[in-house]
Amino acid sequence: MSIAAIVELLNAGHSERAIARQLAVSPSRVQRIRREHGIPAHRPGPTPAGSLEDAFWRRVQHTDDGHLLWPSTVPMVRSSHEGRKESVRRIAFRIRHRREPVGKVLPDCGQPGCVHPDHVADQPMRKTYAAIFGKAA
């Protein structure tokens, strides 16, 4: 598993043991990477998410083939301090494209349920893609 994935989860507030279980690596490897990158040790107990994007990265699950899946059947995130709910796909889109999506956001990678920021497209993007490559693409 890549060091970047471990660093990402450490920065999102996951414990070393949880990361080791999720990514199938040894806890000592996670601990070593945490120290090398100067990331503070995880504090026990729940840590509230600072933003919807933070909540996204805390809960998303990595797959072996490069996709990200949401762990529940309801792909929504609620901000603990703002009290608003938002679609996980819309959050993923904003992370990648740094703009609000137009219309419905769907995965364009062929993996149903994928919420990877690099794998989602909004309506204008899908329309452009279809115009260039045709409906079958």
Once you round to the nearest 0.5 Å, how far does CG of Leu68 lie from CZ of Phe56?
5.5 Å
What verdict does the side chain to side chain contact (heavy atoms under 4.5 Å, CB included) test give for Trp57 and Glu8, after you've listed the backbone C-alpha separation in whole Å, the side-chain angles of each residue and the deciding distance to 0.1 Å?
CA-CA 8 Å; Trp57 287 117; Glu8 186 176 289; 3.1 Å; yes
Quick check: do Asp108 and Val120 have side-chain heavy atoms less than 4.5 Å from each other?
no
How long is the straight-line distance from OG1 of Thr128 back to CD of Gln123, given to the nearest 0.5 Å?
10.5 Å
Closest heavy-atom contact between Pro107 and Cys114?
CB-O, 3.6 Å
Within-4.5 Å side-chain heavy-atom neighbours: His116 and Ile95:
no
Can you measure from CG (Leu106) to NE2 (His119) and round to the nearest 0.5 angstrom?
14.5 Å
Would Leu69 and Val60 count as a side chain to side chain contact (heavy atoms under 4.5 Å, CB included) here? Give the steps.
CA-CA 6 Å; Leu69 300 176; Val60 75; over 6 Å; no
Is a donor on one side and an acceptor on the other found under 3.5 Å between the side chain of His37 and the backbone of Ile33?
yes
Could you pull out the closest heavy-atom pair between Val74 and Ser72, with the gap in Å?
O-OG, 3.0 Å
His62 side chain to Ala5 backbone, donor-acceptor under 3.5 Å:
no
Given the options Lys104, His97, Arg99, Arg89, Asp122 meets side chain to side chain donor-acceptor pair (under 3.5 Å) only with Arg99
Please examine the side chains of Arg98 and Phe93, heavy atoms only from C-beta on, and report whether any two atoms are closer than 4.5 Å.
no
Does Arg32 have more than 12 heavy atoms from other residues, nucleotides or ligands lying within 6.0 Å of its CZ?
yes
Output the distance between atom CZ (Arg21) and atom OG (Ser15), rounded to the nearest 0.5 Å.
6.0 Å
Is any side-chain heavy atom of Val30 closer than 4.5 Å to a side-chain heavy atom of Leu10?
yes
Honestly curious: do Leu52 and Val115 fall in one hydrophobic cluster under the side-chain, below-4.5 Å linking rule?
yes
Of all the heavy-atom pairs spanning Pro117 and Ala92, show the shortest one and how long it is.
CB-O, 3.4 Å
How far apart are the C-alpha atoms of Arg94 and Glu86, what are their side-chain angles, what is the distance that settles it, and do they pass the salt bridge (Lys or Arg N to Asp or Glu O under 4.0 Å) test?
CA-CA 12 Å; Arg94 269 199 320 272; Glu86 187 154 5; 2.6 Å; yes
Between CZ on residue Arg59 and CG on residue Asp54, distance to nearest 0.5 Å:
12.5 Å
Side chains of Lys85 and Val77: closer than 4.5 Å at any heavy-atom pair?
no
Gln61 CD to Thr63 OG1 distance, which is reported to the nearest 0.5 Å
10.0 Å
Taking Arg35 first and then Glu16, would you say they form a salt bridge - that is, a charged N and a carboxylate O separated by under 4.0 Å?
no
State whether the side chain of Arg58 and the backbone N or O of Ala12 hold a donor-acceptor pair below 3.5 Å, judged by distance alone.
yes
Quick one: do Ile19 and Ile39 end up in the same hydrophobic cluster if we chain Ile, Leu, Val, Met, Phe, Trp and Tyr together by side-chain heavy atoms under 4.5 Å apart?
yes
